[in-house]
Amino acid sequence: MTKRTLALAVASALGVSSTAAMAIVDLSGGTGDPIYYPSEVNIENGITVDGSTTGDAEFTPKYNLQAGNSIWALVELSGAVIATGDQWDTGAISTNNSNVSVIFTEGGGAGESSAIFQLKADSGNLTASDTFTLYFNSSNGSQMSIASASGVTARVRLYNDPTSAQLKNDNNVRDYSGQIIGFKNGVTAMVKPNGSASTASVDTNFTTFVTGDQAGGVSQTDLGGILFDTTTGVVDISTGAQVELTDMFDTSTTLTLEGDFSAADSVYIDPTQDGSCSTVGALMGTIVDDGTATFAIGNTMLGDENAGTYAELCFVGDGATPMDASEYTATLDGVAAPGSQYNVGNAGPQGEYAGAIDRDGVVLRSGFVSKAYLRVSRFIFGNSGVNDAEITDIRLYDNETGTPGTTILLPLPHVLPAGARTAIDMTSLIDINTMPKQNLMVEFSIGSTNDKIFGTYQLLLQDSLVQTVVPLERLPSSF
């Protein structure tokens, strides 16, 4: 059941209009909620709304008046004016007391924001508990023009004479006001990253996750959740019914996920909202390049705003390529529905953090390494633990551009014995003669805990003890 269907069903059960917006704000009692329109409405040039989509307001005078006497009600709008071609008249106010007449006296024309009504006790008394209802629709009152999304407030001041009402003096006998129209986000679109990053395992050279959705294998993980739904209680500007995604968004709306997809086999959104990943009924994404994936979500609900549940953003590794640590951010690329009055281009997440992949183990990186003539270029590693540790991955990077360097020669995994130091010469890693520059960085991933492994880079002259010793930088295992 869509939100609109639900709103109609509730309205029918209550015996009221099927228009979800027909609410009553009690100005004198301070109760009742305003009608909320989507804040995404294109309001730069103003909007015109019919009372059939706004609702009404009411007040009780809390003032007794004997038959034959009158009071005057000054009704004012803040945040709206009467629309062009419309006019408030006597039908704009009604009362439940058949002994009282409501007579329109002045104001309420196009471009105006106030009108005066005479409330006359005819054949009986006007009592303090009588109810007077203000109608803001074109059949009883008029259409309203709204120029900003700050909302609309109705105010009623009661006077003992018409002149004071005309002058808007402060000698009123009653003064009531309340908000009748507000604006809220019509779409609830957000991402919800998991409490911790998904961890790629050093034991498999980062080709699988330490934990994962076992139904799909440990190459698969749930990065986080996505919610794409309309906000309950916000109504469509045209119909007054609960706004739906189809009112606001075109079918060409997409979600873009940015991060590292170089090791991804696929990405998808699982709509089942059960906290795990399954491709059954899934919305498959398109991996555009190593840094971008897109999802054609259109105007289909993902997750449930009422229930507070999210669809799952799922990442599947290819099982062979090491997964790098990476953050993932989400951007909703909203496209407005044809003929829509809504601006949705910036709705929802815009580069918002959606989840992450990190690595376990130790990551050590050199500053730069040299191939200078007659020098020894090497790395020294120490393992203070009681268990052997393995170097599972070695990467070469250009220190200026950060791009990957030459292929590693050293067979992996390479063991670092427990309680010992191990030297690795640059010539065992790379063919020095083909090394394109002297400014390469070397990065080592090691299966151990951070407090057990340390390393240095050494540059020694072959005919002397003169040397340069630089500690390896200890990187976080995450992005």
Side-chain angles (χ1 to χ4, degrees), residues 197 199-210 321-325 357-400 402-479:
T199 301
S201 174
V202 68
D203 295 333
T204 59
N205 193 22
F206 310 111
T207 59
T208 63
F209 294 101
V210 174
T321 306
M323 291 177 283
D324 283 325
I357 291 175
D358 64 11
R359 291 175 160 192
D360 62 4
V362 181
V363 180
L364 299 176
R365 179 186 288 176
S366 67
F368 68 90
V369 297
S370 174
K371 64 172 184 178
Y373 182 66
L374 295 179
R375 292 188 181 185
V376 175
S377 181
R378 70 182 184 182
F379 298 92
I380 302 295
F381 293 94
N383 179 2
S384 62
V386 296
N387 298 313
D388 292 348
E390 292 183 343
I391 299 176
T392 59
D393 188 42
I394 302 175
R395 307 282 182 96
L396 296 178
Y397 295 95
D398 187 307
N399 199 29
E400 293 178 352
T403 55
T406 311
T407 303
I408 296 295
L409 300 177
L410 183 70
L412 296 176
H414 186 79
V415 175
L416 302 178
R421 293 173 180 262
T422 303
I424 299 178
D425 196 273
M426 272 297 297
T427 57
S428 68
L429 296 179
I430 184 173
D431 184 348
I432 296 293
N433 295 320
T434 63
M435 187 172 168
K437 297 180 180 180
Q438 294 191 22
N439 59 342
L440 285 183
M441 299 181 295
V442 184
E443 182 179 293
F444 300 86
S445 296
I446 303 166
S448 183
T449 56
N450 259 321
D451 61 342
K452 304 300 181 185
I453 303 295
F454 61 92
T456 59
Y457 169 67
Q458 296 181 344
L459 186 62
L460 299 85
L461 294 175
Q462 291 182 337
D463 57 355
S464 75
L465 297 178
V466 177
Q467 63 179 345
T468 299
V469 180
V470 181
L472 299 184
E473 180 185 5
R474 189 175 301 274
L475 301 181
S477 298
S478 57
F479 40 87

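What you are looking at is a predicted structure, and each value in this text was computed from that prediction instead of being measured. Residue indices begin at 1 and follow the sequence shown.
The closest side-chain heavy-atom distance from Ile391 to Leu416 is below 4.5 Å. You'll find the side chain of Glu390 stays beyond 4.5 Å of the side chain of Leu412, heavy atoms only. Residues Ser201 and Phe209 fail the side-chain proximity criterion, which asks for heavy atoms closer than 4.5 Å. Using a 4.5 Å cut-off on side-chain heavy atoms (C-beta onward), Phe381 and His414 make no contact. Side chains of Met441 and Val369 form no contact here, defined as non-hydrogen atoms less than 4.5 Å apart.
Between atom CG of residue Leu410 and atom CE of residue Met426 there is a gap of 11.0 Å, rounded to the nearest 0.5 Å. Ser377 OG to Leu429 CG: the interatomic distance, rounded to the nearest 0.5 Å, is 9.0 Å.
Every residue meeting the salt bridge (charged side-chain N to carboxylate O under 4.0 Å, His left out) condition with Arg395, not counting sequence neighbours, appears here in chain and number order: Asp324, Asp393.
Judged by distance alone, the side chain of Asp388 and the main-chain N or O of Ala418 form a donor-acceptor pair under 3.5 Å. Panel note: side chain Asn383, backbone Ile453; no donor-acceptor pair is recorded below 3.5 Å. Not one N or O on the side chain of Ser445 forms a donor-acceptor pair closer than 3.5 Å with the backbone of Val363.
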(request) Apply side chain to side chain contact (heavy atoms under 4.5 Å, CB included) to the pair Asp360 and Phe206, showing each step before the final yes or no. (result) CA-CA 9 Å; Asp360 62 4; Phe206 310 111; 4.0 Å; yes
(message) side chain to side chain contact (heavy atoms under 4.5 Å, CB included) for Val376 and Gln458? Distances and angles first, verdict last.
(response) CA-CA 8 Å; Val376 175; Gln458 296 181 344; over 6 Å; no
(message) Walk me through whether Lys452 and Val362 qualify under side chain to side chain contact (heavy atoms under 4.5 Å, CB included).
(response) CA-CA 9 Å; Lys452 304 300 181 185; Val362 181; over 6 Å; no
(message) Under the criterion side chain to side chain contact (heavy atoms under 4.5 Å, CB included), I'd like the reasoning laid out for Leu472 against Thr456: C-alpha separation, chi angles, the key distance, then a yes or no.
(response) CA-CA 5 Å; Leu472 299 184; Thr456 59; 5.5 Å; no
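Residue Ile446 is tested with Ile394, Leu364, Thr392 for a side chain to side chain contact (heavy atoms under 4.5 Å, CB included); the sole match is Leu364.
The shortest non-hydrogen separation linking Ala389 to Gly447 is CB-O, 3.7 Å. Considering all non-hydrogen atoms of both residues, Arg359 and Ala325 come closest at NE-N, 4.3 Å.
Ring geometry, Tyr457 versus Phe379: the interplanar angle falls from 30° to 60°, so the pair is classed tilted.
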